[in-house]
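What follows is a single structure, written as structure tokens, with notes after it.
All residue numbers in this chain count up from 1 along the given sequence.
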Amino acid sequence: MKRLAICAIAAVLVIPSGLIAFYKWDEAKNRGSEVGYWGDFNRTSNALAAVPGVLITGAWFNADITLEEFGFDIVLTNQQWARVTFWESSEIRDMSRRRALPALQQCIAEGLAGTNQPALALGEKPRMGCLVTPMKQEDRMRW
């Protein structure tokens, strides 16, 4: 009975400590995994990089307890520059690369054509949770 109590107390102390240590280790550095703290970022980045004619030139993120918003600066083969933004509730963040590719292509096309602007004017987020805005010359100079 005494041995069982000691094991229970040890488990109550060791398991939470191990989970906290793993979370801190996982959060501290992006190791390229598509699971864990950086999983959505890496999965979305890999899918965006696989879109034909898209080159990622920069990235940003809002790190918190969870990785909330993040985005990428891209240049297309026609030398058009844009910023692609994803937020916490974006559907694309949870998609596999196969499913995300057509959604990203559509999102980029709609964003550059300005067809997602009416929803934004009403304060709504675009359908798939991807906001694409053309970049101005002065924004590109940072890279």
Side-chain angles (χ1 to χ4, degrees), residues 4-143:
L4 183 62
I6 291 172
C7 287
I9 291 171
V12 167
L13 295 175
V14 170
I15 291 173
S17 298
L19 291 174
I20 291 169
F22 175 76
Y23 174 80
K24 290 294 186 185
W25 173 82
D26 187 41
E27 168 193 46
K29 181 180 177 187
N30 186 348
R31 294 170 176 81
S33 174
E34 292 191 2
V35 295
Y37 183 85
W38 291 97
D40 288 352
F41 180 89
N42 292 330
R43 193 172 36 259
T44 305
S45 172
N46 293 341
L48 186 60
V51 173
V54 171
L55 175 67
I56 298 173
T57 60
W60 63 270
F61 53 89
N62 179 13
D64 201 352
I65 291 175
T66 62
L67 193 59
E68 295 174 348
E69 300 86 17
F70 57 81
F72 304 94
D73 293 342
I74 62 170
V75 62
L76 305 175
T77 51
N78 64 0
Q79 298 303 309
Q80 190 169 13
W81 291 66
R83 177 160 290 145
V84 186
T85 303
F86 304 91
W87 45 91
E88 207 166 5
S89 60
S90 297
E91 295 175 28
I92 292 176
R93 291 174 61 151
D94 296 326
M95 293 181 183
S96 66
R97 185 180 308 185
R98 183 183 56 77
R99 286 187 54 224
L101 274 172
L104 286 167
Q105 289 172 317
Q106 180 180 353
C107 180
I108 292 168
E110 288 176 0
L112 294 177
T115 55
N116 61 1
Q117 299 307 316
L120 296 176
L122 296 173
E124 299 173 9
K125 294 180 179 173
R127 192 167 36 98
M128 296 304 286
C130 171
L131 174 63
V132 177
T133 51
M135 289 177 66
K136 299 175 184 164
Q137 180 68 31
E138 57 269 19
D139 292 335
R140 288 187 264 159
M141 299 308 285
R142 294 181 308 150
W143 306 108

Looking only at heavy atoms, the pair that brings Ala103 and Met95 closest together is CB-SD, 4.1 Å
Step by step, work out the side chain to side chain contact (heavy atoms under 4.5 Å, CB included) result for Leu76 and Leu112. CA-CA 11 Å; Leu76 305 175; Leu112 294 177; 3.2 Å; yes
Please check this pair: side chain of Thr57 against backbone of Asp73, looking for a donor-acceptor N/O pair closer than 3.5 Å. yes
Check whether Arg43 reaches the backbone of Arg93 with its side chain - one donor and one acceptor, N or O, closer than 3.5 Å. yes
Gap between atom CH2 of Trp81 and atom OG1 of Thr133 - 0.5 Å precision: 13.5 Å
List the atom of Cys107, the atom of Leu131, and the distance in Å for their closest heavy-atom pair. SG-N, 4.3 Å
Partners passing salt bridge (Lys or Arg N to Asp or Glu O under 4.0 Å) against Arg99 (at least two apart in sequence or in another chain): none
When rounded to the nearest 0.5 angstrom, what distance separates CZ in Arg97 from CG in Leu48? 11.0 Å
Can you measure from CZ (Phe86) to CG (Asp40) and round to the nearest 0.5 angstrom? 10.5 Å
Which value, rounded to the nearest 0.5 Å, describes the distance between Phe70 atom CZ and Asn62 atom CG? 11.5 Å
If you take all heavy atoms of Phe72 and Trp60, which pair is closest and at what distance? N-NE1, 4.1 Å
If I compare all heavy atoms of Pro52 with all of Gln105, which pair ends up nearest, and what's the gap? CD-NE2, 3.5 Å
I need the Glu69 CD to Ser89 OG distance, nearest 0.5 Å. 9.0 Å
Return the orientation label for the Trp38 and Phe61 ring planes: parallel under 30°, perpendicular over 60°, tilted otherwise. perpendicular
If you compare all heavy atoms of Ile108 against all heavy atoms of Val132, which two are closest, and at what distance to 0.1 Å? CA-CG2, 3.8 Å
Closest non-hydrogen atoms of Leu104 and Cys130, given as atom of the first, atom of the second and distance, are CD2-SG, 4.5 Å
